[in-house]
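Comments concern the structure below.
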Amino acid sequence: MKKQLFGLLLFLLPYISVAAEHGIQLEKANINLKDKASLQRGAILFSNYCMACHSLKYMRYNRIARDLGWTDDEIIKKMAYGQAKPVDDVMTRMLPGVAMEVLGTKVPDLSLMARLKGPDYIYTFLKGFEYDEKTKKWDNKVLHGTAMPNILEDVQRQAPKEKYDQDVRDITNFLDYVGEPIKLERQSLGWKVMLFLFIFFIITYLLKKEYWRDIKH
Ligand code: HEC
């Protein structure tokens with residue numbers, strides 16, 4: 001019995017520690033890495049809303065283009081307003097030093113953020129901005145006192161809720177892809193491996209029947 005309890009505890013541990021870290025329930029991002037249209041929308045939204053401050057320094061434009069189904073020219077137009085080369089890493093448009101001056105802190109690179117904190121965290125964080133009537137300031141329920149402004153305020157206020165949710169989901173989906181681009185390939189490889197194993201199993205079974213056919217047992 002003790003063993004089972006211990007096993008259960010081990011199983012629950014990651015969830016308990018996540019809950020303890022943020023102290024709030026994370027919303028499910030419900031993203032889908034196979035949804036290319038969502039990834040494409042996410043990339044464009046990321047360029048429009050996030051690259052003023054954030055970079056994705058471990059990603060090159062041409063890699064994103066290949067994975068998302070764009071040509072090199074298309075991605076440079078869509079994500080860099082024609083101002084970068086396809087082999088360039090995705091760098092922020094913010095000039096060095098400005099973040100410290102304006103925001104009082106450094107801006108983290110987001111290449112690995114989804115690996116580090118998980119898509120549900122990013123989704124909940126982006127939607128977690130609340131206006132405090134008393135202090136007349138924005139705060140974030142996931143990261144209190146954060147230096148990041150509520151960048152999606154316009155969408156949050158003006159667009160229908162479904163559109164706002166979808167925009168945040170698309171950005172989260174894109175960042176999840178960026179965190180582990182190989183996942184796209186691995187998922188499709190997984191199916192091929194399963195199919196191979198299945199066919200191999202049938203052949204082995206038929207072979208076994210063939211070998212034992214004339215032997216009494
Ligand atoms: C005006 C600059 C600015 C823009 C634009 C901006 N951010 Fe940020 N972001 C920051 C800063 C500064 C931090 C560090 C926050 C802190 O440490 O309090 C941050 C932190 C983050 C974090 C990490 C939070 C954590 O828990 O450490 C994520 C995720 C993030 N931003 C996502 C985004 C996304 C997605 C967009 C576009 C929709 C975006 N940001 C746009 C300035 C910005």
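What you see is a predicted model; the values in this text were computed from it and never measured. Numbering starts at 1 and runs along the sequence shown. Both counts, for ligands and for their atoms, begin at 1 and track the order of listing.
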The test is side-chain hydrogen bond (donor to acceptor under 3.5 Å, both in side chains); show your working for T71 and D73 and say whether it passes.
CA-CA 5 Å; T71 64; D73 283 349; 5.4 Å; no

With a 3.5 Å cut-off and no angle check, do the side chains of [X] and [Y] form a donor-acceptor pair?
X	Y	result
R93	S47	yes
E130	N140	no
Y123	D176	no

Angle class for the F125/F129 ring planes (parallel below 30°, perpendicular above 60°, tilted otherwise)?
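Rings of F125 and F129: tilted, 30 to 60°.
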
Every N, O or S from the protein that is nearer than 2.8 Å to atom 8 (Fe) of ligand 1
H54 NE2, M148 SD

Answer with side chain, backbone, both or neither: which part of [X] has a heavy atom less than 4.0 angstrom from an atom of ligand 1?
X	answer
F46	neither
T105	side chain
V142	neither
A99	neither

How close does the nearest protein non-hydrogen atom get to [atom], and which residue and atom is it?
atom	answer
atom 29 (C) of ligand 1	M113 CG, 3.8 Å
atom 15 (C) of ligand 1	T146 OG1, 3.3 Å
atom 26 (O) of ligand 1	Y121 OH, 2.3 Å
atom 22 (C) of ligand 1	F125 CE2, 3.6 Å

One thing to verify: whether [Y] and [X] come together as a salt bridge, which I'm taking to mean a side-chain N less than 4.0 angstrom from a carboxylate O.
X	Y	value
D132	K136	no
E74	K77	no
R63	D67	yes
K28	D120	yes

With heavy atoms of [X] as the reference, note each atom of ligand 1 found under 4.0 Å away.
X	result
Y49	5 (C), 37 (C), 38 (C), 41 (C)
L103	2 (C), 12 (C)
P149	1 (C)

Using salt bridge (Lys or Arg N to Asp or Glu O under 4.0 Å), reason through K127 and D165 one step at a time and then give a plain yes or no.
CA-CA 8 Å; K127 289 180 66 185; D165 287 356; 2.9 Å; yes

Backbone N/O of M51 and side chain of T92: donor-acceptor pair under 3.5 Å:
yes

Tell me whether M94 reaches ligand 1 (any heavy atom closer than 4.0 angstrom to a ligand atom).
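Contact absent.
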
Atom 17 (O) of ligand 1 within contact range, any protein heavy atom under 4.0 Å
no

Start with the C-alpha gap between R41 and D167, add the side-chain angles, then the distance that decides, and say whether salt bridge (Lys or Arg N to Asp or Glu O under 4.0 Å) holds.
CA-CA 8 Å; R41 288 195 302 268; D167 280 1; 5.8 Å; no

Polar contacts were defined as any N/O atom of the residue lying under 3.5 Å from an N/O atom of the ligand; does this apply to K117 and ligand 1?
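Yes; the residue has a nitrogen or oxygen that sits under 3.5 Å from a nitrogen or oxygen of the ligand.
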
Let me see the working for D170 and F174 under side chain to side chain contact (heavy atoms under 4.5 Å, CB included), right down to the final yes or no.
CA-CA 6 Å; D170 292 340; F174 175 67; over 6 Å; no

